[in-house]
2 protein chains.
Amino acid sequence: MATGTNSLELVVLGLLKEQDMHGYELKKRMTESLGLIMHVSWGSLYPALARLEAKGAVKAVEANPSIPKIPMTGSLGGERAAFRTNVEALRGSRNKKVYGITEIGSALFDEIMNDDGDVDEKSFAIRLAFASHMDPEKRLKMLKDRRDMILEKVRSSRRNFEKKRFILEPYVELVLEHFRSADSSDLAWIEELIRKEESSNPDPNTELLVAREIQDNIKN
Amino acid sequence: MATGTNSLELVVLGLLKEQDMHGYELKKRMTESLGLIMHVSWGSLYPALARLEAKGAVKAVEANPSIPKIPMTGSLGGERAAFRTNVEALRGSRNKKVYGITEIGSALFDEIMNDDGDVDEKSFAIRLAFASHMDPEKRLKMLKDRRDMILEKVRSSRRNFEKKRFILEPYVELVLEHFRSADSSDLAWIEELIRKEESSNPDPNTELLVAREIQDNIKN
DNA sequence: TTCCGTTATATCGGCTTGATATATCGAAAT
DNA sequence: ATTTCGATATATCAAGCCGATATAACGGAA
């Protein structure tokens, strides 16, 4: 049922939740406000919009109702002319196609947000960016899942490092060291977020054991 | 001419430079030693190997010369049998296909390493991991290019933030803040690497201006 | 009036991913 | 001795993403 962790569709729906937009505007908005986190190309944005439209998650809405429709000078017959005019009507003066989110789209947004799949770095960041649309307990679960995932990644990397049967080139060590430190900084950040969420939304299941384990194992 | 920043082929060639390996072993090696940095799937590794083989950059080498070739029990005629046996000969007892790097492959490795294209986060990390195979001045240039790229990214993000015409959701701010801090930590790391490279390989063009500019602009 | 950068949509080839299929090997369990 | 099971090993597929490129209308500056 779940299409997998589709972050692009999530972002599109999330932004359309705020206001109607056309493709170009969506991309502009993404790079302006989320540029540090993600990057989207034309070759994925427009197909994504088409996909969402096909699913009925978004639909084209009236663009420039103020500008009167100028009849085409060329001579197009019957059905085709009607279709053409119909499409033009939804595109405004310039070739814009403004999209709005539908009920289905809203439901899809929630579904993707609450989809527990293994969420990689990037889709986690994006889901977190829209986390205000999430129930608190789901949000907390997402944070903990992510924390556990990083922990496991770091642990497995350490295991591989300890039983290493090969010589690493000097620059590899350098890079690995930096990535390790980046990971523990990520971890610390998420720990902090979890703490905040839990204090604002108290929960009896204290996680002291896990916290202590982290202190022991990851200490940089 | 340049195929773009192809990090997977770079890694494959880089590892084959150390020793002959088959696909499975390559993947194991990648996840074991570079797992923190990158991830590769079967669906890209095997096609990449096939691509490299087609280019003549790698070639199948004898796998298990100790094990004698057992003739097929089935009856295959002429050419096909010969081909079959030929392939089997290069695959050892189990269905392994061990690859080795060629002269062409070595040249390709150098070409990719020295390819000045806009190198994103991940391909930078991978190129740096193999940077011992690079001339010192190229290496330094790569580091500076990367530094400038991050600087520009941070600056443009700041510009967009300052002239922001929209309200960001609270969690977006949270995520952005973390990514900003990650970027300045990346930046500091690269600064440090540049410093080391320059001290071990002194150069008259001091970069004091740039350094001061960074202090002024990025100070977290 | 020309020129040029921005706005705007769309498509293409090549590559990556995650899933799945297939088959052999070796060692442990029954 | 035989089954069972996880590790080894290669390969392919649909779906999606990226970078590049094409097309064209708009709007202001020269």
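Every chain is numbered from 1 and lettered A, B, ... according to where its sequence line falls, protein lines coming before strand lines. Please read these numbers as outputs of a predicted model, since none were measured by experiment.
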Query raised in the report: Between the side chains of B/S157 and B/N160, does any donor sit under 3.5 Å from an acceptor?
Result: no
Query raised in the report: Rounded to the Å, how far apart are A/R51 CZ and D/dC17 C1'?
Result: 9 Å
**Report entry** First encountered from the 5' end of DNA chain D, between A/L8 and A/W42
**Finding:** A/L8
Requested in this report: Let me know the distance between CD of A/E121 and C1' of C/dT17, rounded to the nearest Å.
Outcome: 17 Å
Query raised in the report: How close or far is atom C1' of C/dT7 from atom CG of A/L26, stated in whole angstroms?
Result: 14 Å
Query raised in the report: A/N6 side chain N/O closer than 4.0 Å to the phosphate oxygens (OP1, OP2) of D/dC17?
Result: yes
Query - B/D118 vs B/P47, nearer the 5' end of DNA chain D by closest nucleotide - result: B/P47
Query raised in the report: Whole-Å distance between D/dT10 P and B/Y24 OH?
Result: 10 Å
Query raised in the report: Under 4.0 Å between a side-chain N/O of B/S44 and OP1 or OP2 of C/dC15, yes or no?
Result: no
Report summary line: Atom CG of A/L10 and atom C1' of D/dC17 are separated, to the nearest Å, by 17 Å
Requested in this report: Could you tell me whether B/E177 atom CD has more than 12 heavy atoms of other residues or ligands within 6.0 Å of it?
Outcome: no
Query - Side-chain N or O of B/K97 closer than 4.0 Å to phosphate OP1/OP2 of D/dA9 - result: no
Requested in this report: Rounded to the nearest angstrom, tell me the gap between atom NZ in B/K27 and atom C1' in C/dT16.
Outcome: 12 Å
Query - Non-hydrogen side-chain atoms of A/M30 and A/L45 separated by less than 4.5 Å - result: yes
Query - Whole angstrom value for the distance that separates P of D/dA20 from NE2 of A/H39 - result: 10 Å
Query raised in the report: Which of the following nucleotides, C/dT16, C/dT7, D/dA9, is nearest to the side chain of A/K28?
Result: C/dT7
Query raised in the report: Heavy atoms under 4.0 Å, any strand shown: does B/G23 hit a base, just sugar-phosphate, or nothing?
Result: sugar-phosphate
Query raised in the report: Taking the inter-plane angle between the rings of B/Y24 and B/W42 on a 0 to 90° scale, is it parallel (under 30°), tilted (30 to 60°) or perpendicular (over 60°)?
Result: parallel
Query raised in the report: Given atom OH of A/Y46 and atom C1' of D/dC17, what is their separation to the nearest angstrom?
Result: 16 Å
Query raised in the report: Tell me, do A/I126 and B/V175 make a side-chain contact under 4.5 Å, heavy atoms counted?
Result: no
